[in-house]
Number of protein chains: 2
Amino acid sequence: MELPSIDIEKAATILKLLGDKTRLTMIKMLDSHDYCVCEFVEIFKVSQPAISQHVRKLKDAGLVGETRRGQWIIYSLNKKSDVFPLVQNLMNHLPNQDFKLQELEAQGLRISCD
Amino acid sequence: MELPSIDIEKAATILKLLGDKTRLTMIKMLDSHDYCVCEFVEIFKVSQPAISQHVRKLKDAGLVGETRRGQWIIYSLNKKSDVFPLVQNLMNHLPNQDFKLQELEAQGLRISCD
DNA sequence: ATATTATATAAGCAAATGGTTATATGTTAA
DNA sequence: TTAACATATAACCATTTGCTTATATAATAT
């Protein structure tokens, strides 16, 4: 089966974007659940602007989408992206990060939206 | 089928390494053929030290191996690397780069070792 | 031995990266 | 309308990156 090819320059851009522990973890997490900025802030122990800057890069590259839900902005994987097959493939090599969600819940920090 | 998981920190390191157009192209090229430094220099139009620095990073990460053959040092993909399955998987999404080899040959710049 | 060729290493530099604090924007609640 | 909360943007800074030139090391050829 033939996989659609991704321009090597574009691929390098995506890999550079994912070549950061925080962003790579975010994407892996988003593979299971959607998250809002404030949840990421709790999880990654960095400032809120730092998180906003990371998700912005992911959004600019088309890897994630955002939806406002009340005062929160929920980020989710963009499965329509033309590089999604590549990303998905990558994710298969990474360990599940659901334990982070459980930690959030244990601390009562999971925001309450469906 | 279960894929062996790669520590997310290690994966980020590898992706950052491959998140560079030159190195990503090198790895894709090495997926088909071995190359020496001087060939890479011709292909990438950067200085010889720049190429040496790139291959060194790939070597330090265990992605490639080197063999001296006379005055040349031949670089090849290290298929024994524990991240090779990930890399291999990535490569499947990239366009073949054999035309670069053909360009080399057309210019008579392919070095003569088997 | 000496010159030539191939590669590696060192040092320096401009640009990019990822964080911070301060501040602006937008939504909700009182 | 005002306060509180969630997020984004701006400005700044230290570190990293990827190149360059200059030089060192190693093998080959004369």
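Every chain is numbered from 1 and lettered A, B, ... according to where its sequence line falls, protein lines coming before strand lines.
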How about A/L30 and A/F40: do any of their side-chain heavy atoms sit closer than 4.5 Å? yes
Measuring to OP1 and OP2 of C/dG18, would you say a side-chain N or O of A/R23 lies under 4.0 angstrom away? yes
On DNA chain C, compare the nucleotides closest to A/P49 and B/R68; which residue's is nearer the 5' end? B/R68
Heavy atoms, side chains only, cut-off 4.5 Å: are B/H54 and B/D20 in contact? yes
Is A/S47 close enough to C/dG19 that one of its side-chain N or O atoms is under 4.0 Å from OP1 or OP2 there? no
Mind calculating the distance between CD1 (B/I51) and C1' (C/dT7) to the nearest angstrom? 12 Å
Quick check for you: among C/dT5, C/dG19, C/dT7, whose closest atom lies nearest to any side-chain atom of A/A50? C/dG19
Heavy-atom nearest nucleotide on DNA chain C taken for A/H54 and for B/Y75; more 5' hit belongs to B/Y75
Examine the base of C/dT20 for any acceptor or donor lying under 3.5 Å from a partner atom in the side chain of A/Q53, and report the outcome as yes or no. yes
Could you please name the option among C/dA8, C/dG19, D/dT7 that lies closest to any side-chain atom of A/C38? D/dT7
Side-chain donor/acceptor of A/Q48 to base of D/dA8, under 3.5 Å: yes
Which is true for A/K16 with a 4.0 Å heavy-atom rule: it touches a base, it touches only sugar-phosphate, or it touches nothing? sugar-phosphate
Is there a side-chain polar atom (N or O) of A/R56 under 4.0 Å from OP1 or OP2 of D/dT7? no
note: B/E66, atom CD; C/dA6, atom P; distance rounded to Å ~ 17 Å
Using a 4.5 Å cut-off on heavy atoms from C-beta on, say whether the side chain of A/Q88 contacts that of A/D31. yes
Just to be sure I understand the rule, does B/K57 reach a base, reach only the sugar-phosphate, or reach nothing, if contact means heavy atoms closer than 4.0 Å? sugar-phosphate
Could you tell me how far apart A/K45 (NZ) and C/dT20 (C1') are, to the nearest whole angstrom? 18 Å
Interatomic distance, A/Q97 atom CD to A/I43 atom CD1 [nearest 0.5 angstrom]: 9.5 Å
Scan A/K21 against the nucleic acid and name what it touches under 4.0 Å (heavy atoms): base, sugar-phosphate only, or nothing. nothing
